[in-house]
Amino acid sequence: MPRLPSDPNLSFCPNYADDAFVNTRLQLTNENITEDQAIVILRNIWQAENNAAKLQWQEQLNEDRDRREHLERLENEEQERQEQDTRDEEEAVRKEDRKKNKHKYTAVPKLDVPLKATILPSSYALRKLDKGEYVELWYFTNDGLDDAKLKSSVDEDAMIMATLAGGDTAWVSAASTRNARAVVDDQNLKFEDFCQACPRIIEAM
């Protein structure tokens with residue numbers, strides 16, 4: 001069935017009583033049908049055709065809507081497929097990059113800002129702790145830490161001549177030498193210094 005070019009709901013029934021329809025009325029009139037009856041018949045015929053056209057128009061609208069929705073659905077599915085393909089490609093690139101650059105994706109631990117100052121005893125004391133050897137508590141008192149801070153300003157590559165335990169002399173790192181005259185034996189520590197040093201040496205161990 002051919003498509004209707006316009007909406008039949010907007011059409012109006014012609015005035016079949018007008019002179020323009022004289023010949024049309026005459027074709028229906030005879031000894032049994034008057035001219036007025038012919039006008040009514042023409043109006044009924046037009047109304048029946050218009051009602052049929054309205055039904056066809058509605059079906060046409062429904063078909064157009066269904067076709068439009070189908071095309072939109074196909075377009076959306078195609079767009080989703082393309083977007084998924086793009087996501088898959090990007091994920092494949094990220095996975096390949098993670099394989100090649102593992103350190104780049106290492107998670108950064110979420111740590112709080114330290115509230116306490118870092119305790120840095122002398123390198124001599126740390127070396128003794130690393131070896132599991134005895135080290136005086138004095139190195140972890142305020143005086144010992146101040147002495148370590150002073151020595152930290154010395155160039156680590158600087159060397160000085162020192163006398164070893166056997167009496168021999170040798171070049172040693174200036175930053176790691178022990179100032180024996182400043183060190184206080186544990187039994188001679190003041191109680192205040194002892195209370196400072198104990199938690200610090202435990203933390204250092």
Side-chain angles (χ1 to χ4, degrees), residues 1-121 123 126 129-130 140 145 148-149 152-153 156 196 199-205:
M1 183 178 296
R3 287 178 58 87
L4 296 177
S6 59
D7 186 356
N9 293 284
L10 303 178
S11 300
F12 294 94
C13 182
N15 182 11
Y16 289 109
D18 193 82
D19 293 341
F21 297 96
V22 171
N23 292 332
T24 305
R25 293 196 300 271
L26 288 176
Q27 294 177 16
L28 295 177
T29 56
N30 53 42
E31 64 275 7
N32 297 320
I33 300 176
T34 64
E35 189 172 0
D36 290 339
Q37 290 175 328
I39 293 173
V40 173
I41 293 173
L42 289 172
R43 288 174 180 171
N44 291 339
I45 294 173
W46 182 93
Q47 189 66 49
E49 292 177 347
N50 183 257
N51 289 338
K54 288 179 180 179
L55 293 176
Q56 181 183 347
W57 179 259
Q58 186 59 48
E59 291 177 357
Q60 188 172 295
L61 291 177
N62 294 340
E63 291 175 357
D64 291 345
R65 184 197 62 231
D66 293 343
R67 186 181 300 106
R68 184 172 56 254
E69 291 177 352
H70 178 67
L71 292 176
E72 290 177 355
R73 186 163 54 251
L74 292 178
E75 291 177 0
N76 292 336
E77 291 175 354
E78 178 63 18
Q79 183 176 353
E80 291 178 0
R81 186 190 65 78
Q82 292 179 358
E83 291 175 353
Q84 185 62 46
D85 289 344
T86 301
R87 288 193 292 269
D88 292 343
E89 291 176 2
E90 292 175 349
E91 181 62 23
V93 171
R94 283 194 294 270
K95 287 182 178 179
E96 186 64 25
D97 190 52
R98 278 196 290 267
K99 289 180 181 178
K100 295 180 179 179
N101 306 285
K102 293 182 179 179
H103 298 295
K104 178 180 176 182
Y105 296 91
T106 301
V108 178
K110 190 175 182 180
L111 302 176
D112 295 331
V113 177
L115 300 178
K116 297 191 303 180
T118 304
I119 304 300
L120 294 176
S123 57
L126 291 177
L129 286 177
D130 288 341
F140 296 88
L145 296 178
K149 186 183 299 182
S152 66
S153 63
E156 293 184 357
Q196 293 170 354
R200 290 171 180 169
I201 192 172
I202 292 173
E203 185 176 352
M205 290 190 293

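Side chains included, hydrogens not; waters and symmetry mates left out as well; all remaining heavy atoms used. Numbering starts at 1 and runs along the sequence shown.
No donor-acceptor contact under 3.5 angstrom links the side chains of Asn76 and Arg73, judged on distance only. No side-chain donor-acceptor contact under 3.5 Å links Gln56 and Gln60. A donor-acceptor contact closer than 3.5 angstrom links the side chains of Gln58 and Asn62.
Distance check, rounded to the nearest 0.5 Å: CD of Gln196 to CG of Leu145 gives 8.5 Å. Distance CG/Asn32 to CG/Leu28: 13.0 Å, rounded to 0.5 Å. The CZ atom of Arg68 sits 9.5 Å away from the CG atom of Leu71 when rounded to the nearest 0.5 Å. Note that CD1 of Ile39 is 10.5 Å distant from OG1 of Thr29, once rounded to the nearest 0.5 Å. The distance from atom CG of Leu55 to atom CD of Glu59, rounded to the nearest 0.5 Å, is 6.5 Å. We find the CZ-CD1 distance between Arg25 and Ile41 to be 13.0 Å, quoted to the nearest 0.5 Å.
Evaluated for a side-chain contact (heavy atoms from CB on, under 4.5 Å) with Gln47, the options Asn51, Ile45, Asn44 yield exactly one hit, Asn51.
A heavy-atom distance below 4.5 Å is found between the side chains of Arg94 and Glu91. At a threshold of 4.5 Å between non-hydrogen side-chain atoms, the residues Glu75 and Gln79 do not count as touching. In this structure, the side chains of Glu80 and Gln84 stay at 4.5 Å or more apart for every pair of heavy atoms. Between Arg81 and Glu77, every side-chain heavy-atom pair lies at or beyond the 4.5 Å cut-off.
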Report the C-alpha distance between Glu69 and Arg65 in whole Å, list the side-chain angles of each, state the deciding distance to 0.1 Å, and finish with yes or no for side chain to side chain contact (heavy atoms under 4.5 Å, CB included).
CA-CA 6 Å; Glu69 291 177 352; Arg65 184 197 62 231; 3.6 Å; yes
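Asn50 places a side-chain N or O within 3.5 Å of a backbone atom of Pro8 that can act as its donor or acceptor partner.
When all heavy atoms of Trp57 and Pro5 are compared, the pair lying nearest together is CZ3-C, 4.4 Å.
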